[in-house]
Every structure is written in C-alpha cells, then in structure tokens.
Amino acid sequence: RLWDVNIGTELNKLDHHSGTVYSLKFCGTTLVTGSQDNTIVLWDMRSPTDIQLKRVILDGSLYVWAVELDHNYIYGADRDDIMVWDLFTLGLTHTLRGHRDHINCLHSRG
C-alpha cells in the first residue's frame, strides 16, 4: 500500500504479489519489490494514484528475501545466493554464491 504520511491517507494499493512482500527499494521513480511468491516486480511510481506495473522477474527460488536496484542492475537475494539482472534487458548476468545463511538485505554502490 502507498500512504500519504502527512495526512495518514492511503493513496494506492500495489496488487500483483500473491505472497508476503519481504523487501522493497526505490531508485528514482522506480520501485522494486521482492516476495515469497518467487517474483521481483518493478513499478513505475511517477504518479501515486496511477502506479503502473513495469516488469516481473520470476526468481525461481523459494522466497525473495531482499532486493536492490540501481541505474543499471536489479539484485535479488534468496536464501543464500544473490542474482543480478540487467535492468534494461532483464537478462540474468550473475549468480553470486557463497553465503551460508539467509541474505536479509542488499546494498549497491552503483
């Protein structure tokens, strides 16, 4: 849900995920959300009352625990791997392996 915190009013509801949303991140006017439904969704947030679904990435893992977004890449973390997609082609560019437990947050310096 999208809220105007100044007046406490709900402005919109983001309807796509069928499971719990574990993470979200803004970059410019794009919002990325990650969910236990195995998807990462990109939203066009230029208008709070006319939010557009831009793209959906099927992650394939059990849950998307964390997401990150910069001007070139989308990052998604499942239990112990980080996947990196090209923001423009949505092609998977890297899978970063080696963590031994859940990845709960991501940060990009891009």
Side-chain angles (χ1 to χ4, degrees):
R1 297 181 191 267
L2 182 66
W3 298 87
D4 182 328
V5 296
N6 294 318
I7 58 176
T9 302
E10 181 180 325
L11 299 175
N12 211 325
K13 184 177 178 185
L14 306 176
D15 284 322
H16 180 77
H17 289 293
S18 62
T20 301
V21 173
Y22 285 118
S23 58
L24 57 91
K25 186 73 172 195
F26 273 100
C27 183
T29 60
T30 300
L31 171 68
V32 62
T33 55
S35 170
Q36 79 177 116
D37 65 4
N38 301 343
T39 63
I40 295 172
V41 178
L42 281 80
W43 307 87
D44 182 340
M45 301 292 289
R46 281 180 267 188
S47 167
T49 56
D50 185 28
I51 298 169
Q52 300 293 316
L53 178 102
K54 288 172 77 170
R55 300 175 182 174
V56 177
I57 298 173
L58 296 176
D59 174 50
S61 68
L62 294 176
Y63 300 133
V64 179
W65 290 99
V67 292
E68 174 65 292
L69 173 70
D70 62 28
H71 296 287
N72 296 305
Y73 297 102
I74 304 160
Y75 309 85
D78 65 5
R79 186 176 176 91
D80 51 11
D81 295 327
I82 301 170
M83 283 71 67
V84 183
W85 291 270
D86 182 284
L87 179 60
F88 304 101
T89 67
L90 295 185
L92 182 65
T93 61
H94 303 291
T95 300
L96 309 174
R97 301 184 193 286
H99 290 85
R100 295 183 181 176
D101 207 343
H102 289 89
I103 300 167
N104 293 318
C105 63
L106 294 170
H107 179 73
S108 166
R109 291 178 47 181

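Counting heavy atoms from C-beta outward, L14 and V41 have side chains that stay 4.5 Å or more apart. Side chains of S23 and V67 form a contact here, defined as non-hydrogen atoms less than 4.5 Å apart.
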Going through the distances and angles, do L42 and L87 end up as a side chain to side chain contact (heavy atoms under 4.5 Å, CB included)? CA-CA 10 Å; L42 281 80; L87 179 60; 3.6 Å; yes

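Separating the NE2 atom in H107 from the NZ atom in K25 is a distance of 6.5 Å, to the nearest 0.5 Å. Between the CD1 atom of I40 and the NE2 atom of H17 there is a distance of 9.0 Å, given to the nearest 0.5 Å. Taking CZ from R1 and CG from N12, the interatomic distance works out to 10.0 Å, rounded to the nearest 0.5 Å. To the nearest 0.5 angstrom, I103 atom CD1 is 6.5 Å from D80 atom CG.
Following chains of ILVMFWY side-chain contacts shorter than 4.5 Å, one can reach L90 starting from V32, so the two form part of one hydrophobic cluster. Hydrophobic clustering (ILVMFWY, side-chain heavy atoms < 4.5 Å, transitive): V21 and F26 are in distinct clusters. A single hydrophobic cluster is not seen to contain both W3 and I7; linkage of ILVMFWY side chains at heavy-atom distances under 4.5 Å, directly or through other members, places them apart. Put simply, L2 and L53 are part of the same group of oily side chains (I, L, V, M, F, W, Y) that touch within less than 4.5 Å, one to the next. Transitive grouping of hydrophobic side chains (ILVMFWY, heavy atoms separated by less than 4.5 Å) brings L92 and I57 into a common cluster.
For residues 43-56, the side chain to side chain donor-acceptor pair (under 3.5 Å) pairs, not counting sequence neighbours, are T30-K54, T33-W43, D44-R46, S47-T49, D50-Q52.
When the side-chain contact (heavy atoms from CB on, under 4.5 Å) test is applied to Y73, the partners found at least two apart in sequence or on another chain are D70, Y75, V84, T93. Evaluation of the salt bridge (Lys or Arg N to Asp or Glu O under 4.0 Å) rule for D15 yields K13 as partners, not counting sequence neighbours. Annotation: side-chain contact (heavy atoms from CB on, under 4.5 Å) contacts of D101 (sequence neighbours excluded): none. Judged as a side chain to side chain donor-acceptor pair (under 3.5 Å), and not counting sequence neighbours, T95 has no contacts. Residues satisfying the side chain to side chain donor-acceptor pair (under 3.5 Å) criterion with H99, sequence neighbours excluded, are absent altogether. Looking at residues two or more places apart in sequence or on another chain, you find a side-chain contact (heavy atoms from CB on, under 4.5 Å) between C27 and L69, H71. Partners of R100 according to the side chain to side chain donor-acceptor pair (under 3.5 Å) rule, which considers only residues two or more places apart in sequence or in another chain, do not exist here. In this view, D81 and R97 satisfy the side chain to side chain donor-acceptor pair (under 3.5 Å) rule, not counting sequence neighbours.
Formation of a donor-acceptor pair under 3.5 Å by the D86 side chain with backbone atoms of G91 is not found in this model.
A pairwise comparison of heavy atoms in Y22 and W65 identifies CB-O, 3.8 Å as the closest pair. For S35 against G19, the heavy-atom pair with the smallest separation is OG-O, 3.2 Å.
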